[in-house]
*Asks:* 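Below is the structure I would like to discuss, written out as structure tokens.
Residue numbers start from 1 in every chain, and the chains themselves are labelled A, B, ... in the order their sequence lines are given, proteins ahead of strands. This one's a predicted model, so the numbers in the text were calculated from it and none came from an experiment.
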Protein chains: 4
Amino acid sequence: MIQVNYQDSRPIYQQVHDGFRRQILAGVLRPGDQLPSVRELSTRLAVNPNTVQRAYRELEQEGCVYSVRGKGSFVADASDAARAHQAELLGRFDSLVQELQALGVTPEQLRQRLEGGTT
Amino acid sequence: MIQVNYQDSRPIYQQVHDGFRRQILAGVLRPGDQLPSVRELSTRLAVNPNTVQRAYRELEQEGCVYSVRGKGSFVADASDAARAHQAELLGRFDSLVQELQALGVTPEQLRQRLEGGTT
Amino acid sequence: MIQVNYQDSRPIYQQVHDGFRRQILAGVLRPGDQLPSVRELSTRLAVNPNTVQRAYRELEQEGCVYSVRGKGSFVADASDAARAHQAELLGRFDSLVQELQALGVTPEQLRQRLEGGTT
Amino acid sequence: MIQVNYQDSRPIYQQVHDGFRRQILAGVLRPGDQLPSVRELSTRLAVNPNTVQRAYRELEQEGCVYSVRGKGSFVADASDAARAHQAELLGRFDSLVQELQALGVTPEQLRQRLEGGTT
DNA sequence: GTGGTCTAGACCACG
DNA sequence: GTGGTCTAGACCACA
């Protein structure tokens, strides 16, 4: 499910983090689902356990995941994290639009692109 | 014209690079205009000359700027760089839209946002 | 009576421990009352018997509970444990107050908060 | 300035973190002040650089500190973090008061303690 | 020189 | 078995 790409400029821990977060926010992983253990995932991805641990820790700090010592790591109720994440993406959307318009792209072109993606 | 913010998470060389690129693509700096010398800019910004050097080098690699030994650095014809840059931004736009829709944001909501930003 | 919450950051043995201690110190459980057996409670809570065992052991070490081989665990005279516990909480109270005052919160504000909570 | 106590139940990285946060929020360290470098502090405290690094990283995630690669770590404008921290402490204050009252401590006793600490 | 990431592997706490 | 902390030391990006 999670993949690591050494060509990616993002650090590995963040690729793992982003991968899970996306799946959680998209509903692929649902509240209460158990994540693979740190050890299992680290061997599967052939990375250091610390690296996976850090990804999980940051997910937990964001409220996407909760960990129980001796039991495992689980998907948390996503509502809060989801709302924050959506707000962040909309902010990025706005600034991208602004930048594109500064380069001469018309809102009309962007609107057409929106429809294109709906297909 | 160019400013450096130490609290910005981007490295300084990239702030310098982004600042010039934006001005070039937006038409503030026009083809043939001369950029400040590495030495002058580095003292003005109170940063290491290497840092400015690297910003100029990357601008040149992108085709935004050309250097003439012993003369200085000049803004190149923007068309090529602009086209590439615009394509990159549009790609980011598409993937952002896709992700937002995965989170349940409707194209209608995004369209309204587009109009809001047109002001 | 006792509940376990896996989302709680405290380990389970401590949730069990704290739950009993609170009930004992508050007088819900009175000296001489019998606690449920380790086996019964562990099945009721669906946790490992070791976990309950440890909670009981620590309660006993604190003097909140005493065990009689072959009979069970019973609430001890609370006075000793209560005094120790109250002293500990008062200590925490003092250091909290000190820290809040260092941040500019006036004793007056805290006094008002005290009254608010009396309701 | 910062000390590590191996008897303390808190992990080392958190002792370092808490120590700096307290000094920052109390105004001992002021916005813009430079923190000791990761390497310097780690040798001074005789701990691993990673441990200090983690403390700094979490301070940065909280907005107490900002780090610039190649330059150092600096105290951020504390206002936001301070407000959040104070709210957290007041919450702890309330629940402590509630617990103490459940044990029979009167608000009057607590009020006297407040004045005692003012000295 | 600075901070940031990663590995290899240890030990602890918990169930 | 699980997650959490820590060490020792490497390598990279940046100034």
*Asks:* Identify, residue by residue, the members of residues 44-53 of chain A with a heavy atom below 4.0 Å from DNA chain F, and return them in order of residue number, or none.
*Replies:* A:Asn50, A:Gln53
*Asks:* Sort and list the pairs that fulfil ring-ring contact (aromatic ring centres under 6.0 Å, His included) and have at least one residue in residues 31-55 of chain A, not counting sequence neighbours.
*Replies:*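 The answer is none; no pair qualifies.
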*Asks:* Could you give the start and end, 5' to 3', of the contact zone on DNA chain F for chain D, using atoms under 4.0 Å from its heavy atoms?
*Replies:*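 That gives a stretch of F:dT5 to F:dA15.
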*Asks:* With sequence neighbours excluded, what pairs up with D:Asp94 under the salt bridge (charged side-chain N to carboxylate O under 4.0 Å, His left out) test?
*Replies:* C:Arg113
*Asks:* In whole angstrom, give the distance that lies between atom CG of C:Leu41 and atom C1' of E:dG15.
*Replies:* 15 Å
*Asks:* Might you confirm whether atom CD of D:Glu88 has over 12 heavy atoms from other residues, nucleotides or ligands at distances under 6.0 Å?
*Replies:* yes
*Asks:* Check the surroundings of atom CD in C:Gln98: do more than 12 heavy atoms from other residues, nucleotides or ligands lie under 6.0 Å from it?
*Replies:* no
*Asks:* Would you confirm whether C:Gln86, through its side chain, and D:Leu100, through its main-chain N or O, come within 3.5 Å as a donor-acceptor pair?
*Replies:* no
*Asks:* Using the test ring pair (Phe, Tyr, Trp, His ring centres under 6.0 Å), find all partners of B:Tyr13 that sit at least two apart in sequence or belong to another chain.
*Replies:*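 Partners of B:Tyr13 by the ring pair (Phe, Tyr, Trp, His ring centres under 6.0 Å) criterion come out as none, since no residue qualifies.
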*Asks:* Go nucleotide by nucleotide along DNA chain E from the 5' end; which of D:Arg57 and D:Glu40 gets its closest nucleotide reached first?
*Replies:*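 Looking at the nearest nucleotide for each, D:Glu40 comes out on the 5' side.
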*Asks:* Please confirm whether A:Phe93 and B:Phe93 have ring centers closer than 6.0 angstrom.
*Replies:* yes
*Asks:* Are C:Glu62 and C:His85 close enough that a side-chain donor and a side-chain acceptor fall under 3.5 Å?
*Replies:*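 Per modelled atom types, C:Glu62 and C:His85 side chains form no pair under 3.5 Å.
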*Asks:* Under the salt bridge (charged side-chain N to carboxylate O under 4.0 Å, His left out) definition, can you give me all pairs with a residue in residues 39-57 of chain C, not counting sequence neighbours?
*Replies:*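 The answer is C:Arg54-C:Glu58.
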*Asks:* Give every residue pair that meets the salt bridge (charged side-chain N to carboxylate O under 4.0 Å, His left out) criterion with at least one member in residues 2-11 of chain C, sequence neighbours excluded.
*Replies:* C:Asp8-C:Arg10, C:Arg10-C:Asp18
*Asks:* Could you list the donor-acceptor pairs under 3.5 angstrom formed by side chains in residues 20-28 of chain D, with sequence neighbours left out?
*Replies:*
unit_1  : atom_1 : unit_2  : atom_2 : d
D:Arg22 : NH2    : C:Glu99 : OE1    : 3.3
D:Arg22 : NH2    : C:Glu99 : OE2    : 3.3

*Asks:* Tell me which residues in residues 64-71 of chain D lie within less than 4.0 Å of DNA chain F, going by non-hydrogen atoms.
*Replies:* D:Arg69, D:Gly70, D:Lys71
*Asks:* Identify, with sequence neighbours excluded, every residue that meets salt bridge (charged side-chain N to carboxylate O under 4.0 Å, His left out) alongside C:Arg30.
*Replies:* none
*Asks:* Using the criterion of both pairing distances under 3.5 Å for Watson-Crick and G-U wobble pairs, give all stems of 3 or more consecutive pairs involving DNA chain E.
*Replies:*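 Stem segments, range with range: E:1-14 with F:1-14.
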*Asks:* Determine whether a donor-acceptor pair (N or O, by modelled atom type, separation under 3.5 Å) exists between the side chain of A:Thr51 and the backbone of A:Val47.
*Replies:*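 Answer holds: no.
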*Asks:* In Å, rounded to the nearest 0.5 Å, how long is the span from NZ of D:Lys71 to OH of D:Tyr66?
*Replies:* 10.0 Å
*Asks:* What are the residues of residues 5-24 of chain D, sorted by number, that bring a heavy atom to within less than 4.0 Å of DNA chain E?
*Replies:* none
*Asks:* Any donor and acceptor pair, going by atom type alone, linking the side chain of D:Gln53 with main-chain N or O of D:Val38 inside 3.5 Å?
*Replies:* no
